[in-house]
Amino acid sequence: MASIKPLFDQVANGSAHSSPSPQESTFDSSYSNPATPAGVSSADVSGEPVRKRHRMRDEKVCGVCGDKALGYNFNAITCESCKAFFRRNALKPKPDCLFQGNCVVDVRTRRFCPSCRINKCFTIGMKADMILDDAEKRARMEKVVENRNRRFVSHEKMEHPARAEPRQEDQGSSHSVLTTALLKSESPKEIPVRHYGLPKPSQARMFHHPPRELLPSDPQFYRRLTEEEKWTLNDISTAYQATIATLHGAEVDPNPPKANPSLNELINSTDETVRQLIRFVGKVVDFQQMRKDDQVSCLKNSVMQSVLMRSACVYILEKDVFLCSKGEVSTSFLKKAVNNASVYSAHVNFCKSMKSIILNNYTLWALAQILALFNPCGAAIIDREMLSTLQDKYIILLKHYLESEFSFTFATEYLVAIQDMLSDLKMLGEAYTTIIFNVNPTEIEPLLLEVFNLK
DNA sequence: TTAGCCTTGATC
DNA sequence: GATCAAGGCTAA
């Protein structure tokens with residue numbers, strides 16, 4: 001919080017301003033030297049040894065309100081709050097003072113009169129032209145993104161040299177390093193072993209979308225999808241939307257949700273979700289063309305992940321609730337039913353992360369669902385090669401879609417985030433499978449007994 | 001809206 | 001590596 005101690009100290013030892021009235025500027029000689037370039041501390045100017053810099057930094061006082069300052073902001077020494085205040089207000093039309101235009105601006109009163117505060121900012125030499133304009137902000141953000149990508153690539157090279165270097169056989173194919181990484185993400189060897197097999201972060205990894213204005217305006221930065229790709233994307237998106245739509249208020253269940261459901265009740269509540277999943281895969285042409293026994297295996301192998309993914313799809317980030325046929329249900333109901341704090345928090349964090357990336361983009365939800373479905377490593381699969389080929393197809397389709405929507409510049413970030421999310425999903429699915437293994441089968445719906453292998 | 005903390009690139 | 005000075009994020 002703001003502190004007035006530095007002012008008291010200076011008055012006590014007589015080092016600073018000779019009893020300035022609140023109206024007078026309280027800045028010392030180092031503020032008032034307009035020749036002092038930003039970035040050069042008063043210690044440099046006065047010839048103080050460099051080792052004293054930190055001490056000097058602690059002793060600075062805001063020229064506007066007298067609060068503790070860390071250094072120069074917009075050409076004058078100010079505290080964090082006056083810096084933020086100036087940034088927000090310097091370019092806006094000046095407000096009128098409700099009094100005589102000579103209000104006291106100190107730590108206590110600085111909020112009372114924006115007019116006198118902004119005047120004092122200008123008086124002590126703060127410069128509005130040092131606030132970055134939109135073009136400068138944009139350039140700055142582009143540099144941040146560029147560096148992030150560079151750091152990511154070098155990190156990948158250090159952590160996974162084999163992934164970073166394209167293999168001979170990949171040369172000339174449309175598989176990028178990242179695509180290869182995604183392809184390999186299902187390999188059991190590469191799944192990190194963690195406690196309960198759950199994702200490590202205690203907090204959700206929130207994805208920050210690049211601001212609209214940062215997306216390139218030049219069409220050459222976007223992939224043009226083939227007609228076939230467009231049809232496929234349209235088909236799966238429509239199919240997904242149609243099956244998720246039943247949750248979005250079409251069939252409202254008049255009975256309120258139970259506040260503390262048991263684990264059995266929780267499992268049984270997924271019955272409709274599983275039926276939606278079956279309806280969805282029934283509309284995916286590539287799934288229909290698979291041999292029947294592999295269709296069943298694929299469905300069983302991915303059902304837990306699919307249910308979890310659909311819970312994320314109906315998760316409302318702003319309210320921390322699931323939107324189901326009974327209305328909005330707080331995520332806290334999971335806590336009691338699951339009775340496992342790590343699984344519960346991993347589930348909620350997964351929903352937050354996934355929703356922060358995909359938002360309400362049904363094409364991406366559908367693609368993520370299909371990638372969970374087509375897993376050549378799954379149990380009891382007979383034609384693994386075909387499943388691997390289908391997996392390739394949808395990974396590339398996902399990459400192309402991201403490039404068409406978010407540009408070549410930003411597609412990588414999305415792809416990496418989705419890859420991480422699918423890894424987390426796999427581990428969360430395994431944790432849930434362990435938990436539901438011990439339920440009493442007599443209380444579980446027949447369809448769920450079958451798909452969850454609980455018989 | 002404010003104010004504090006954080007991240008970042010530039011500079012020394 | 002330390003420091004400075006921008007903007008971003010977010011609880012209050």
Side-chain angles (χ1 to χ4, degrees), chain A residues 1-6 27 30-31 33-95 98 103 105-118 120-121 124-152 154-155 203-214 317-320 352 356 413:
Chain A
M1 226 13 237
S3 163
I4 56 171
K5 189 172 180 299
F27 52 96
S30 68
Y31 311 135
N33 180 2
T36 306
V40 177
S41 72
S42 55
D44 298 313
V45 175
S46 61
E48 287 286 344
V50 173
R51 67 176 179 277
K52 282 194 177 176
R53 272 187 186 168
H54 212 83
R55 206 176 129 73
M56 293 298 290
R57 191 178 163 87
D58 290 341
E59 289 170 357
K60 291 193 179 82
V61 171
C62 174
V64 180
C65 69
D67 198 356
K68 189 177 172 184
L70 290 180
Y72 280 84
N73 291 300
F74 308 108
N75 198 50
I77 292 183
T78 71
C79 62
E80 281 284 301
S81 79
C82 289
K83 168 185 130 181
F85 173 82
F86 186 76
R87 191 174 65 216
R88 285 193 303 271
N89 296 285
L91 299 173
K92 288 183 188 168
K94 266 189 192 170
L98 298 174
C103 302
V105 182
D106 60 24
V107 177
R108 192 176 55 87
T109 60
R110 65 190 176 192
R111 267 188 271 185
F112 299 168
C113 180
S115 172
C116 290
R117 191 180 185 185
I118 197 73
K120 196 162 177 190
C121 288
I124 69 159
M126 293 182 83
K127 291 181 174 174
D129 58 10
M130 288 179 74
I131 300 171
L132 304 189
D133 62 23
D134 287 349
E136 288 165 325
K137 278 186 206 164
R138 191 186 159 124
R140 182 186 150 107
M141 276 304 291
E142 277 171 357
K143 188 156 281 179
V144 169
V145 170
E146 192 183 310
N147 283 340
R148 248 183 229 160
N149 287 342
R150 195 178 299 142
R151 274 200 299 273
F152 172 77
S154 55
H155 172 80
Q203 285 190 321
R205 283 189 296 231
M206 301 306 279
F207 184 77
H208 297 290
H209 291 259
R212 272 272 146 217
E213 63 269 20
L214 275 191
L317 203 52
E318 299 76 20
K319 297 181 178 174
D320 193 33
K352 287 179 180 168
S356 75
E413 285 180 56

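These numbers were taken from a predicted model, which means no experiment stands behind them. So you know, we letter chains A, B, ... as the sequences are listed, proteins then strands, and number each from 1.
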Rounded to whole Å, please give me the gap between NZ in A:K127 and P in C:dA5.
13 Å
CZ of A:R108 versus P of B:dT2: gap in Å, rounded?
18 Å
Within less than 4.0 Å of OP1 or OP2 of B:dA3, is there a side-chain N or O belonging to A:R111?
yes
Return the set of residues passing ring pair (Phe, Tyr, Trp, His ring centres under 6.0 Å) with A:F86 (not counting sequence neighbours), or none when no residue passes.
A:F74, A:F122
So, is A:R110 near the phosphate of B:dA3, with a side-chain N or O under 4.0 Å from OP1 or OP2?
yes
Short of 4.0 Å, heavy atom to strand atom, which residues of residues 81-90 of chain A count as contacting DNA chain B?
A:S81, A:A84, A:F85, A:R88, A:N89
Quick one: A:Y72 OH to C:dT3 C1', roughly how many Å, whole number?
14 Å
What residues form a side-chain contact (heavy atoms from CB on, under 4.5 Å) with A:D133, not counting sequence neighbours?
A:A135, A:E136
Can you list the residues that meet the side-chain hydrogen bond (donor to acceptor under 3.5 Å, both in side chains) rule with A:S81, with sequence neighbours excluded?
A:R110, A:R117
note: A:E80, atom CD; C:dT10, atom P; distance rounded to Å ~ 17 Å
Reported CZ-to-CZ distance for the pair A:R111 and A:F85, which is rounded to 0.5 angstrom:
12.0 Å
Atom CD1 of A:I77 and atom C1' of C:dT3: how far apart are they, to the nearest Å?
14 Å
Report the distance from atom CG of A:L70 to atom C1' of C:dT3, rounded to the nearest whole Å.
11 Å
Residues in side-chain contact (heavy atoms from CB on, under 4.5 Å) with A:T109, at least two apart?
A:V104, A:D106, A:F112
Distance check needed: C:dG8 P versus A:L132 CG, whole Å only.
8 Å
A:N73 CG - B:dC5 P separation (whole Å)
14 Å
Any pair counted as salt bridge (Lys or Arg N to Asp or Glu O under 4.0 Å), so long as it reaches residues 69-79 of chain A, sequence neighbours left out:
none
